[in-house]
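Beneath this line is the structure, given in structure tokens, with notes to follow.
Sequence lines set the chain letters: A, B, ... in the order given, protein chains first and strands last, and positions in each chain run from 1. Please read these numbers as outputs of a predicted model, since none were measured by experiment.
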Amino acid sequence: MLPKWLKAKTAPELPDFAALAAAIRGLIAGGKYKTALDQAKDIHKAHGTPASESLLLDAYAARIKSLVEGGLNVEATALANLVRERYPAAADRLATLTADNLARSGKIDELLAPLNDPALSPERLAIIERAIQERVTDPGQIASCPALPAEHPLRQAAGALQRAFAAVTAGPVTDEILALPEVSRRSPLAPWKMLVGALAAMYRRDAQTSRRYLAAIPPGSAPARLIPVIEAIDGDGTPGAPLTAAGNELLSQVQGDADVLKQKAQELDEALDDGYDDGPIVHAVRDLVSECHRTAPFHLEKVKQYAFIRARVEKTDIKRVNAAIGGPPSQDAAFHSMLARRFELDDQPGEAAAAWHDFREKAVEEGWFPAEGPEVAAIYMQIAGLLGKMAHWELKEFNVAIKSKPGVPRDAAALYERATALDPHPAVFVQWLEWAKKRKGSTAENVAARWRQTRPADIEPLLFLIATFEKRNAFPTALRYLAEAEQIDSVNPEVRKARLRLTNANFFKQVQQRPVPAVAARTLAAIAEMPHTRQGDRPAFVEALHYILAKGKKDLDEARSRRAEIESLLGSEAAAALLIYVVASACKCDGSEWSHFPNTNRGALPAILARVAALARDLELAVAVPYAWVREAGEQFPKIPHTLAIPQLRELGECARAHHIDEFVYNISAEGLTRGINTEAEFLLLRAHALLVRSHDRAMMCALTAAGIARRRQELDLAARAVDFLDERFKEEINKLEPAQIDLVLKTEKEETKFPLPGRGPAYPELRGQLCDCPSCRKARGEKVSPLDQEEELEEEDPFDGLPPAFADLFMATMMEGMARNESPAQTMARMEREMGQFLPPARRGKKRR
Amino acid sequence: MTAREILGVEMNATDEQVRAAYLDKVKEHPPDRSPDEFERIRDAYDTLRDPRRRMNDILLSRRPVPSFTELFAGLEPERRFVGPNPWLEVLKGK
């Protein structure tokens, strides 16, 4: 029917066709296909020109296309057939629409049938291929299409794609599956090949490759409809463009959510940490396993293993846990190793040892390592180590547990024996020997002998035998082993030191005998001939040995001559006396006649003490310097500032520390701290020792600072010594001290040159983030202070108020020293009387003390 | 981190797997660009090459069983294989 405006104008005055055609095309563009078709029919009826027929066919095409897109395939086909009948010339024009319609309606047979025609025009072929590319949504439709023979390349390609698509969406695939040689680049199914590649890359989390494949998919092709979903999965999960309902559903299905899983994992950890009740643990295990099964199935077995191990170690009801995880986990070698180590760390050596045996068996079975080799030796040693930690009842239980394992060594000795047979490595023998040293009898010697037998070129067992026999004073045997050691490695520093030490010790033993045997003179001659004894002050030491021998033989002339020689070598009567005292002590001879220091030149005493102490240390003699000498050296030390070298200060520091003369130690540290940056840490640590009894927190801060400086200077041994000195509270502070705070403590300590009164001097509470809790400081901070607190503070004021400060200081120092020596108060008082008696007037002495 | 963790190999990795993992890591952290990391990788490889040290890496591991929270800390959600049908449904335009 014509519109009113058209009806009004009759045939002779037909409106402009161009305007009518434009109106029709406007309706088509606006989606009003039916109206456009009806009006086009009227126009064609009125005009009857080829132009009006063309306009009508355009309207038909638009209408058919709209029916196809609306899923009204039957109506679309019927209308297309009608048009084809009425207007045969329009057949080619409708072919594209027909092809689309066939593809959309699933009539693949009809769509593909023309492909069997060898005379098919290239134009028609292109139309069919375009329809395949843009409209076929499942290659399976082509693969199973009976219109084409099975061997048709398009069917072959579609079959291969169908299989590859199914595989790539069902699980991990190999590259062979993705190769798809059946699908050529020019095939209408080529976009599907790209889609399969993109999916495989997406599942492999290779976003870059996935993007490359997606870029190769033509935008109008059917597979292109999956691009937004794949891009969303490869991205952060948010689609770039709105997805269809199916697209959203697919996105949520493919993408997992780990948040719930992580929450469940945390809940299980918390339940295990609480650990008092099995119920919540089992419940949390069940929840986690269930969530893991859903979200992260690849981790499921690991979760089961971990849950089982934690339950076994922490004694949770294992049956309930097994039920919660759906049966015991796979118990492979890795599982047993984790279980064993976890038992070890939980201090359950019996369980750990049994689990290591299981690990060994499984690992060998799984081909981790051969049944006989260094790996198995290492496991045997681990088990042997654990056996040493087991209580008697645990050993019994362990033996029962491994009863079923034939040929497994059960005790530590057998384990070590097997380990060394499997791997005769020095490290294995070292561990065996360490174990044997803790056993009674000659076990360790037997192990050393076995070591020598297996590895005759190793020096370690000989060094052990030398030390063992030296301890028993069996010097001839020790020297015999030493001779063997010298044959293996005569330049070994331990061997070289042992020669002098053992010969000396042998001489000390001989010279103690009465009458002194002739062999002592021969031993001494051997010592004197050693090149080692010609270095430094050692000739004086040899002369001291001659002196002791002469004394033992009661050859007083010889003794006098030797003593004169010592005095000449050391350049001092006092040094000679002290050296003779030290050597006499080593020989267990009475040294009392040399224990008093000469009255002349006492200012030289610190240097003499340092020299003899250094010599004794060099010769590995126990330094037995008399207390009175050290005390006097301590008195003299402040009078000779800046005269001693650093090594001398070190020796003095050791002597003073050995006798717990804290003030002397402090003074040495003060002197040492003036000697430059290289030794600051060392002398700060010495100060820490001096202050330990008197001012604990300050001592700790000194050690903490020393550790900080030593670490800064990479002096690791010193840093380790400083850290060892710290108590647990201060060890926690080790990484908290800032460089500026280190500098502040160092500067303060350098300024503190006087030994402090007890509890006085800097304690650095502000550096440790602590506030002083005394009433005065609390009051200064504006905090409330009760009168009771102030009273306490008054009571806590100096108890020595009114006494001469020097006396109070001395008294406190002596009491502190007594505590450090573990003396009872009575013992300390007695010592005080002994040491201070000479300074007190004779009349007061006895009376006061009682 | 243990030597195995540094190279990212399993406890039962073969010599070839250890070597391959080492070479991969060296490619990631060449000595000229990240010398410290390379040093760590090299040490780990030396440990795992020696059968005694490799076994000690297992025998003395400090944290044999991490907490469950740690196990999943870096976990990215796994992509589920849902089969072809949900994908085909999207193609059909539903």
Note to self: With a 4.5 angstrom heavy-atom cut-off, is it the side chain or the backbone of A:Glu344 that approaches chain B, or both, or neither?
What the structure shows: side chain
Notebook entry, point to check: Among A:Ala334, A:Gly171, A:Ala222, who wins on heavy-atom pairs under 4.5 Å with chain B?
Noted result: A:Gly171
Next item on the list: Would you mind checking which part of A:Asp423 comes under 4.5 Å of any heavy atom in chain B, side chain (CB onward), backbone (N, CA, C, O), both or neither?
Entry: side chain
Notebook entry, point to check: Does CD in A:Glu366 sit with more than 12 non-hydrogen atoms of other residues, nucleotides or ligands closer than 6.0 Å?
Noted result: yes
Check: A:Asp259, A:Leu199, A:Leu250: which one forms the most heavy-atom pairs within less than 4.5 Å of chain B?
Finding: A:Leu250
Checklist line | Segment of B:Ala73 engaging chain A (4.5 angstrom heavy-atom cut-off) | finding: backbone
Notebook entry, point to check: Is A:Tyr203 close to A:Val173 at the side-chain level, that is, under 4.5 Å between some pair of heavy atoms?
Noted result: no
Notebook entry, point to check: So, do A:Arg342 and A:Glu314 sit near enough that their side-chain heavy atoms are less than 4.5 Å apart?
Noted result: yes
Notebook entry, point to check: Please walk me through it: do A:Leu195 and B:Trp87 pass side-chain contact (heavy atoms from CB on, under 4.5 Å)?
Noted result: CA-CA 11 Å; A:Leu195 175 66; B:Trp87 294 93; over 6 Å; no
Next item on the list: Would you indicate whether B:Arg19, at its atom CZ, is surrounded by more than 12 heavy atoms from other residues, nucleotides or ligands within a distance under 6.0 Å?
Entry: no
Check: Where on A:Leu243 is there a heavy atom nearer than 4.5 Å to chain B: the side chain, the backbone, both, or neither?
Finding: neither
Item checked: chain B contact via A:Leu339 - which portion, at a heavy-atom distance below 4.5 Å -> neither
Notebook entry, point to check: Looking at A:Lys262, A:Arg225, A:Glu249, which has the largest count of heavy-atom pairs under 4.5 Å with chain B?
Noted result: A:Lys262
Margin query: At a 4.5 Å cut-off on heavy atoms, which part of A:Met202 comes close to chain B: side chain, backbone, both, or neither?
Written below: both
Note to self: For the interface with chain B, which of A:Glu267, A:His299, A:Gln266 has the highest count of heavy-atom pairs at distances below 4.5 Å?
What the structure shows: A:His299
Checklist line | Heavy-atom proximity to chain B below 4.5 Å, by part of A:Ile230 | finding: side chain
Item checked: Region of A:Arg310 in contact with chain B, defined by heavy-atom distances below 4.5 Å -> side chain
Checklist line | Spacing of NZ belonging to A:Lys304 relative to SG belonging to A:Cys292, to within rounding of 0.5 Å | finding: 9.5 Å
Note to self: Whether B:Arg49 and B:Asp46 form a salt bridge (side-chain N of Lys/Arg under 4.0 Å from carboxylate O of Asp/Glu) is what I want to check.
What the structure shows: yes
Check: Ring centres of A:Phe335 and A:Phe308 under 6.0 Å apart?
Finding: yes
Note to self: What part of A:Ala307 gets within 4.5 angstrom of chain B, counting heavy atoms only: side chain, backbone, both, or neither?
What the structure shows: both
Next item on the list: Begin from the C-alpha positions of B:Asp57 and B:Thr47 and carry the test side-chain hydrogen bond (donor to acceptor under 3.5 Å, both in side chains) through to its verdict.
Entry: CA-CA 8 Å; B:Asp57 198 49; B:Thr47 299; over 6 Å; no
Item checked: Interface residues of residues 369-378 of chain A facing chain B - heavy atom cut-off under 4.5 Å -> A:Phe369, A:Pro374, A:Glu375, A:Ala378
Notebook entry, point to check: Can you list the steps and then say if A:Asp346 with A:Gln348 is a side-chain hydrogen bond (donor to acceptor under 3.5 Å, both in side chains)?
Noted result: CA-CA 6 Å; A:Asp346 204 58; A:Gln348 299 184 49; 2.8 Å; yes
Margin query: We want to know whether A:Asp332 and A:Gln305 form a side-chain donor-acceptor pair, criterion being a heavy-atom distance below 3.5 angstrom.
Written below: yes
Margin query: Between the side chains of B:Arg42 and B:Glu39, is the shortest nitrogen-to-carboxylate-oxygen separation below 4.0 Å, so that they form an ion pair?
Written below: no
Next item on the list: Under 4.5 Å heavy-atom distance to chain B, tell me which part of A:Ala333 shows up: side chain, backbone, both or neither.
Entry: neither
Margin query: Using heavy-atom distances under 4.5 Å, tell me whether A:Val428 contacts chain B through its side chain, its backbone, both, or neither.
Written below: neither
Notebook entry, point to check: Roughly how far, to the nearest 0.5 Å, is CZ of A:Arg341 from CH2 of A:Trp356?
Noted result: 6.5 Å
